[in-house]
Every structure is written in C-alpha cells, then in structure tokens.
Amino acid sequence: QLQLVESGGGLVQPGGSLRLSCAASGVSLDYLTIGWFRQAPGKEREGVSCISKSGRTTNYVDSVKGRFTISRDIAKNTVFLQMNSLQLEDTADYFCAGSLLASPNTCVATKAVYPYWGQGTQVTVSS
C-alpha cells in the first residue's frame, strides 16, 4: 500500500526558501511518477512540478520555473521540492501525489493522473 507523507512547510518571508519533502512508503520511487501540487485558499488545486519514474524528466509550471527544483533521493525513497525566491502568491497547501501508471520518462502535473495523495503541508509566505 503506497503512502505519501509531506513535510517541510512553514512560514517564510518573501524571498526566502523552503524545502518540502515527500516520503514514499510501500512502493519504490523507481516505480512512481511523483507530482507536487498546491492549493491556495479559494482556488483550485494546481500542478507545480513533477518527476518521472526514471528521474530523467522533470516539469514545472511557468510561475515557478527558475525558482523551484524537484529532485529525489532513491535511498531515502523521498522526493524534494526546493523552493527559492518565494513570493506571496506561493502561499498554499502543498501536496505530493504518486502514479504507478506513467511511462518511465514522462511526467505531467495533472491531477487526474495521480491516484495517490499525501495529506499536504502548509506554506505561508508573509512579511
């Protein structure tokens, strides 16, 4: 049974950084495509980034390109989202999600692709 647990959220000032973690258990990351999503109050959940099963392919929504970096540690079975130059509009609950079905070298940050979800971690960017 796949379980995903996010951590690393918190309160940060604009321009600051946070690193979110998504720890997977029950299934190796070698078999998982992982996506990061976020949902701000009153808004729909949007895809932020994803990493393919092989780890060779990553994608980002335009609003975070150049600021966020997705990576993974196979030994820890954990995916990270390094968030730099945080902006007020990055405030949201962040979720990681997993899919067993995607091909090894592709990923899309589209909700419908991911049947497995973590509980989320809150990120607040405020001065």
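Start at 1 with the first residue, then count along the sequence.
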Q: Look only at the side chain of T78 and the backbone of K76, and say whether a donor-acceptor pair between them is shorter than 3.5 Å.
A: yes
Q. Is any side-chain heavy atom of T69 closer than 4.5 Å to a side-chain heavy atom of L81?
A. no
Q: Measure across G8 and T121 and return the closest heavy-atom pair with its distance rounded to 0.1 Å.
A: N-OG1, 4.1 Å
Q: Please check if the side chain of K53 supplies one atom and the backbone of S99 the other of a donor-acceptor pair under 3.5 Å.
A: no
Q) Under 30°, 30 to 60°, or over 60°: which ring-plane class applies to W117 and F95, parallel, tilted or perpendicular? A) perpendicular
Q: Please name the residue in the list L32, I34, I51 that meets the side chain to side chain contact (heavy atoms under 4.5 Å, CB included) test with R72.
A: I51
Q.
For residues V5 and M83: do they belong to one hydrophobic cluster (side chain heavy atoms under 4.5 Å, members Ile, Leu, Val, Met, Phe, Trp, Tyr)?
A. no
Q: Heavy atoms only: give me the nearest L88-P14 pair and the separation to one decimal.
A: CD2-CG, 3.8 Å
Q: Take S17 and N84 through the test side chain to side chain donor-acceptor pair (under 3.5 Å) and record every step on the way to the result.
A: CA-CA 4 Å; S17 298; N84 299 328; 2.9 Å; yes
Q.
Rounded at 0.5 Å granularity, tell me how far OH in Y114 sits from CG in L101.
A. 11.0 Å
Q) According to a 4.5 Å side-chain heavy-atom criterion applied to Ile, Leu, Val, Met, Phe, Trp and Tyr, with indirect links allowed, do L18 and L11 form part of one hydrophobic cluster? A) no
Q: Verify the neighbour count for atom CD of E44: are there more than 12 heavy atoms of other residues, nucleotides or ligands below 6.0 Å?
A: no
Q: Could you tell me whether Y60 atom OH has more than 12 heavy atoms of other residues or ligands within 6.0 Å of it?
A: yes
Q | Salt-bridge contact D90-R38 (side-chain N to carboxylate O under 4.0 Å) | A | yes
Q: Walk me through it: do T124 and S126 pass the test side chain to side chain donor-acceptor pair (under 3.5 Å)?
A: CA-CA 6 Å; T124 303; S126 175; over 6 Å; no
Q: Please examine the side chains of S28 and N77, heavy atoms only from C-beta on, and report whether any two atoms are closer than 4.5 Å.
A: yes
Q | Heavy-atom neighbours of Q3 CD exceed 12 at 6.0 Å | A | no
Q. Do V79 and S71 come close enough that some side-chain heavy atom pair is under 4.5 Å?
A. no
Q | Minimal non-hydrogen separation, A40 against A92, with atom names | A | N-CB, 3.7 Å
Q: Please round to the nearest 0.5 Å and tell me the distance separating atom CG of D73 and atom CZ of F80.
A: 5.5 Å
Q: Among T58, N59, L20, find the one that has a side chain to side chain contact (heavy atoms under 4.5 Å, CB included) with I70.
A: T58
Q. Does S52 use its side chain to pair, donor to acceptor, with the backbone of T57 at less than 3.5 Å?
A. yes
Q. Do R45 and K111 have side-chain heavy atoms sitting under 4.5 Å apart?
A. yes
**Q.** Intermediate values then yes/no, side chain to side chain donor-acceptor pair (under 3.5 Å), N105 and S54
**A.** CA-CA 6 Å; N105 294 309; S54 68; 2.5 Å; yes
Q: Test W36 against C50 for side-chain contact (heavy atoms from CB on, under 4.5 Å), laying out the working first.
A: CA-CA 6 Å; W36 279 100; C50 60; over 6 Å; no
Q) Heavy atoms, side chains only, cut-off 4.5 Å: are F37 and E46 in contact? A) no
Q) If you group Ile, Leu, Val, Met, Phe, Trp and Tyr by side-chain heavy-atom gaps below 4.5 Å, do L100 and L4 land in one group? A) yes
Q: Of all the heavy-atom pairs spanning S49 and A109, show the shortest one and how long it is.
A: O-CB, 3.9 Å
Q: Could you tell me the separation between the CD atom of Q119 and the CD atom of E6, rounded to the nearest 0.5 Å?
A: 4.5 Å
Q) side-chain contact (heavy atoms from CB on, under 4.5 Å) between F68 and V61: does it pass, once the steps are laid out? A) CA-CA 10 Å; F68 290 12; V61 68; over 6 Å; no
